[in-house]
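Step one of this worksheet: look at the structure below.
Because only heavy atoms are used, hydrogens play no part in the values below, and waters and symmetry mates are left out as well, while side chains stay in.
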Amino acid sequence: MGGDLRHSGLTGGADTERTRPGAEARAAGTPKTVGVVWGLLILNTLGSAGAKTIIPLPRSLIQLVTMGALVAAFTLALALNLRLRVRSSAFLFLLTLLLVPSVLSSLQLESGLGALFRCARLLLFVGTLWLLSRWWDGLTFVRHHIRMYFAVLGSVAAGLVVSPGAALPELYGGRLVGALWPLTPPQIGQYAAVIIGLSVLLVLGRRTDRASAAVVIVPSAVLLALTHTRTATLGLLVGLTLAIGSLVLTSAAARRFFTWAVLCAAVAATVFAGALRAWFLRGQSQENLTSLTGRATVWDALLAAPRTTVETLFGVGLGDKSFGGLPIDNSWLAVYHEQGLTGVSLVAAMLLVLGGVALLRPPSLPRACAIFLISYCAIASYTEAGLGDASPYLLHLTVAAALLAAPATATPLPAPEPPRRHVPRWARDRR
């Protein structure tokens, strides 16, 4: 088992639990190229807008790299799965249905020809996820997720070391940004929070050792603190609380961790109350905080804008998640604006289906990881856009769907041999 974990990204320790019979065979049957495809999907969702980098990168070049990564991911996934063997998934089915309002609204060209381009991108993105569904086998995609996003954070840390001034610009209030690749503080905070939460759960489930997890958790926590991202921090804390709570009744390690976490949080809240408040406010006034850094103004204007019946039902087409030149920064309002009430219903159904399945599953580590990812995306959807288009949030939910999926090929246990009756020698002679 330790060798399997090292191959997947995080190393396993001596106290690693044994997996179910057949799990190793399924993991060993997953091609290494699947991890490459997943990394290309992550590269595609990194975006092209952000802070100024040390070496200026033209936006056209960044878009060429990200779109090229998506085309390469789809091509590799298709080459791996030429027979188009996919796994039935309500989540992917609903995500595919989301293409309908996206295309119908984009054909009106209210958002320009770019809307049709974004529809094609979403089509390739969803198609690649369908092709990868064949290899949904538990924690494999969790390790791919951690490894790829940790590599992204490595580039952020390298930029911080090379040019601290570019990585902590005054334009963003001294918050950490990507100096080598244009990443915003919310993006970096999201990536750090997700891999911290998943790594903590792998430690509690004894699927990796503490030293290997610390290599991921400690630097990620430092980067998260430097981003001053409230949404990511809140999503991490609430998501971990719910995920660990689902393990409390069946895991002694989860109970110990939960107890110590509550005690440490209480002490930190008492001793460092002033520092925590200053970090949370980020130098903003109470009025600015109440308006969610100006987001509420954009939301009110979007909801007050007149719309036709078609626009209300199907939206105005896929755009750059902005209204009036300002970012919407809310997944539900962004979906309503671009894909209408139909899109909002489909996105809500995706979260409800995943959440319902997670609640019905018996307590387990995969279930806890899925609960963490689902709850994180639900919390982040209030101040971040992305649930209706190709984004890291859809990748998080896809990992949750993979964790909740039933094994594709269950390896049957060998039938026990019937016990042999011992026949005394005198009885054999009599026969």
Side-chain angles (χ1 to χ4, degrees), residues 41 44-45 47 88-106 111 115 118-130 133 186-187 190 194 231-232 235 238-239 242 295 298-299 302-303 305 307 309-323 327-359 370-405:
L41 288 177
N44 172 254
T45 59
S88 59
S89 168
F91 166 74
L92 289 182
F93 176 71
L94 292 170
L95 186 56
T96 305
L97 287 182
L98 190 61
L99 286 166
V100 176
S102 303
V103 173
L104 289 178
S105 58
S106 298
S111 300
R118 293 184 180 93
C119 285
R121 177 197 179 203
L122 182 58
L123 177 62
L124 283 179
F125 185 84
V126 175
T128 306
L129 295 182
W130 272 112
S133 65
Q187 285 179 286
Q190 175 197 164
V194 167
T231 300
V238 175
L242 296 176
R295 291 185 178 95
V298 181
W299 299 349
L302 187 151
L303 292 174
R307 294 176 182 272
T309 303
V310 174
E311 290 175 346
T312 302
L313 291 176
F314 301 109
V316 299
L318 294 183
D320 58 359
K321 311 298 177 287
S322 66
F323 180 79
I328 298 175
D329 285 340
N330 181 289
S331 284
W332 303 101
L333 291 179
V335 172
Y336 170 68
H337 178 60
E338 297 183 354
Q339 293 139 311
L341 293 176
T342 305
V344 172
S345 301
L346 290 172
V347 171
M350 287 191 298
L351 288 175
L352 289 175
V353 166
L354 289 176
V357 173
L359 292 176
I371 289 175
F372 168 75
L373 291 170
I374 297 167
S375 57
Y376 181 89
C377 290
I379 292 171
S381 67
Y382 186 66
T383 58
E384 296 291 335
L387 286 182
D389 205 349
S391 69
Y393 292 105
L394 288 187
L395 292 181
H396 301 334
L397 293 180
T398 301
V399 174
L403 290 166
L404 297 173

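Taking CG of Leu346 as the reference point, atom CG of Leu95 lies at 9.5 Å (rounded to 0.5 Å). Taking CZ of Phe323 as the reference point, atom CG of Asp329 lies at 14.5 Å (rounded to 0.5 Å). Going from atom OG of Ser375 over to atom CG of Leu354 covers 11.5 Å, rounded to the nearest 0.5 Å. Distance check, rounded to the nearest 0.5 Å: CG of Leu318 to CZ of Arg121 gives 10.0 Å. Thr96 contributes atom OG1, which lies 9.0 Å from atom CG of Leu122 (distance to the nearest 0.5 angstrom). In this structure, the separation between OG on Ser391 and CD on Gln190 is 7.5 Å, given to the nearest 0.5 Å.
With ring centers used as reference points, Tyr382 lies under 6.0 Å from Trp299.
Inter-residue side-chain proximity for Leu92 and Ser133 is flagged as met; some heavy-atom pair is nearer than 4.5 Å. The closest side-chain heavy-atom distance from Leu242 to Ile374 is not below 4.5 Å. A 4.5 Å side-chain heavy-atom check between Thr342 and Leu97 finds every atom pair outside the cut-off. Counting heavy atoms from C-beta outward, Arg295 and Val298 have side chains that stay 4.5 Å or more apart. Using a 4.5 Å heavy-atom threshold, the side chains of Leu394 and Phe125 count as touching. No side-chain heavy atom of Leu341 sits under 4.5 Å from any side-chain heavy atom of Phe314. With a 4.5 Å cut-off on side-chain heavy atoms, Val399 and Leu395 do not count as touching. Between Arg307 and Leu302 there is a side-chain heavy-atom pair separated by less than 4.5 Å.
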Show your reasoning for whether side-chain contact (heavy atoms from CB on, under 4.5 Å) applies to Val353 and Phe91. CA-CA 7 Å; Val353 166; Phe91 166 74; 5.5 Å; no

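Looking only at atom types and distance, the side chain of Ser322 has a donor-acceptor partner in the side chain of Asp320 under 3.5 Å away. Side-chain atoms of Thr383 and Thr231 form a donor-acceptor pair, as typed in the model, at a separation below 3.5 Å.
With salt bridges taken as basic N to acidic carboxylate O contacts below 4.0 Å, none links Arg118 and Asp389.
Considering Ser102, Ser105, Ser345 as possible partners of Gln339, the one that fulfils the side chain to side chain donor-acceptor pair (under 3.5 Å) test is Ser102.
Between Ala370 and Ala400, the shortest heavy-atom distance links the atoms CB-O, 3.9 Å. Pairing each heavy atom of Phe372 with each of Gly235, the nearest pair is CE1-O, 4.3 Å.
Put simply, the side chain of Ser106 never gets that close to the backbone of Val103: no donor and acceptor are under 3.5 Å apart.
Between His396 and Tyr376, the ring planes lie perpendicular to each other; the angle is over 60°, past the 30° to 60° tilted range.
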